[in-house]
Protein chains: 2
Amino acid sequence: MARMRDAGVTPTMQRLAILEFLEGTKSHPTADKVYVEVRKTCPTIARATVYNTLEALTKAGTILQLTVDPSAARYDADLGPHVHFRCRLCGEVYDIDVKQENCLGDLVKGHRVEAVRTYAFGVCASCRKKGRDDA
Amino acid sequence: MARMRDAGVTPTMQRLAILEFLEGTKSHPTADKVYVEVRKTCPTIARATVYNTLEALTKAGTILQLTVDPSAARYDADLGPHVHFRCRLCGEVYDIDVKQENCLGDLVKGHRVEAVRTYAFGVCASCRKKGRDDA
DNA sequence: TTTCGTGCAAAGCATTTGCAAGTAG
DNA sequence: CTACTTGCAAATGCTTTGCACGAAA
């Protein structure tokens, strides 16, 4: 809550519910998943509010918006350096710990680099076990 | 064309037009942009054909599907290791050359890693010059 | 003939927007 | 009072699907 205030985002019940849900999960949920889950503790919340909040928190740097899934944005409250791995069979997203994320300079070709995000793709351990190794 | 055949994608006029357009641009076009542009040389092509082709070529490994833009998939025929930078102000996507892309092992935590993609975000040189540096 | 690719239109989702009502400063 | 937030519904936009036709194996 202090974090939200510091980030310039007015804390409201709805926004706190969203942030707390995100911090309590490692599942990198989509906006719609957040909506469905938060609705359990805050039944009147509107879809638009969820989208607004996720955008506000993303811009404020409080959470990360992942573009690892082409079909829908996913969100992550874990700001530490890590890589996101997406299974091309089941679609699940996993964390992979790394010492440090790929570091470019702060300034490359005149562009100011503010963030670097690394995504990995392949077949996850679970799908491999299921024999769906598929190549 | 040989490349398409090798990849198991039957070459057709429409598919060749799409691949040639992609290879002749560095603009990382969206599917819709591809549709509009290819339509100039192949006026009867349907949107669905463009989407089908882009998906087929992506799966075949002939082109890359980028998820650097949350609002729409972008495509790139340049398979060499490079990072994609997206300006948060104008939305433009630029290439950044790197010696090698972030290398994870082939197998991490039981997941088989088939591809690694790195995206950078910030403000591009052009927007910075326009004084829209904005922070 | 069986399969695959194409073109067209309609449908499906994720996301955004407009607007009225409520709330905080 | 003024600005911001919420909730609802409708719209927008990217992408996919269903179907019929035509070309290729």
Side-chain angles (χ1 to χ4, degrees), chain A residues 1 4-5 7-19 21 27-60 62-76 86 88 91 93, chain B residues 1 4-5 7-21 27-60 62-75 86 88 91 93:
Chain A
M1 181 156 153
M4 267 177 81
R5 224 180 273 285
V9 180
T10 313
T12 67
M13 285 228 301
Q14 289 86 345
R15 290 174 177 177
L16 284 171
I18 290 171
L19 185 52
F21 166 66
S27 70
H28 315 91
T30 62
D32 195 71
K33 176 83 173 169
V34 172
Y35 170 68
V36 170
E37 291 301 319
V38 168
R39 209 144 225 284
K40 290 177 183 168
T41 65
C42 183
T44 70
I45 200 169
R47 215 177 220 95
T49 301
V50 174
Y51 279 92
N52 286 340
T53 300
L54 292 173
E55 186 192 350
L57 292 176
T58 299
K59 279 193 181 163
T62 307
I63 63 174
L64 301 181
Q65 182 187 56
L66 308 183
T67 57
V68 70
D69 183 345
S71 69
R74 288 166 175 272
Y75 295 87
D76 189 353
R86 179 161 192 268
R88 70 170 155 85
V93 176
Chain B
M1 178 153 155
M4 268 178 78
R5 222 182 273 283
V9 180
T10 314
T12 67
M13 283 232 298
Q14 289 85 344
R15 291 175 175 178
L16 285 172
I18 290 170
L19 186 53
E20 278 171 13
F21 166 65
S27 69
H28 315 92
T30 63
D32 195 71
K33 176 81 174 169
V34 172
Y35 170 68
V36 170
E37 290 300 318
V38 169
R39 208 144 228 284
K40 290 177 183 169
T41 65
C42 186
T44 71
I45 200 170
R47 213 175 222 96
T49 301
V50 174
Y51 279 93
N52 286 340
T53 300
L54 292 174
E55 186 191 350
L57 292 176
T58 299
K59 279 194 181 161
T62 308
I63 62 175
L64 303 180
Q65 183 187 56
L66 309 183
T67 57
V68 70
D69 183 346
S71 69
R74 288 167 175 271
Y75 296 87
R86 178 161 191 266
R88 70 170 154 85
V93 176

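Lettering follows sequence order; numbering is per chain, from 1. Computed from a predicted model, the values in this text were never measured in an experiment.
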To the nearest 0.5 Å, tell me how far R15(B) CZ sits from L19(B) CG.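 R15(B) atom CZ to L19(B) atom CG measures 11.5 Å (nearest 0.5 Å).
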Which value, rounded to the nearest 0.5 Å, describes the distance between T62(B) atom OG1 and L54(B) atom CG?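 The OG1 atom of T62(B) sits 11.5 Å away from the CG atom of L54(B).
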Side chain of T49(A), backbone of I45(A): donor and acceptor closer than 3.5 Å? no
Can a side-chain donor-acceptor contact be found between T30(A) and D32(A) if the only test is distance below 3.5 angstrom? no
Pair Y51(B), R47(B): side-chain N/O donor-acceptor within cut-off below 3.5 Å: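 No.
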One character per nucleotide, please: for nucleotides 8-22 of chain C, 5' to 3', B when the base has a protein heavy atom closer than 4.0 Å, S when only the sugar-phosphate does, - otherwise. B-----SBBB-----
Does any part of the side chain of S27(B), heavy atoms only, come nearer than 4.5 Å to the side chain of E37(B), both counted from C-beta?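 With C-beta onward as the side chain, the pair stays apart.
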Could you check if a side-chain atom of L16(B) sits within less than 4.5 angstrom of a side-chain atom of M4(B), using non-hydrogen atoms only? yes
Heavy-atom contacts under 4.0 Å between residues 7-18 of chain B and DNA chain C, which residues?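 T10(B), T12(B), Q14(B), R15(B) - these, ordered by number, are the residues of the stretch whose heavy atoms sit under 4.0 Å from the strand.
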Give me the atom names and distance for the closest heavy-atom approach of H28(B) to L66(B).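 Shortest heavy-atom separation between H28(B) and L66(B) comes out as CD2-CD1, 3.8 Å.
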Integer-rounded Å distance: dT15(D) P and K33(B) NZ: 15 Å
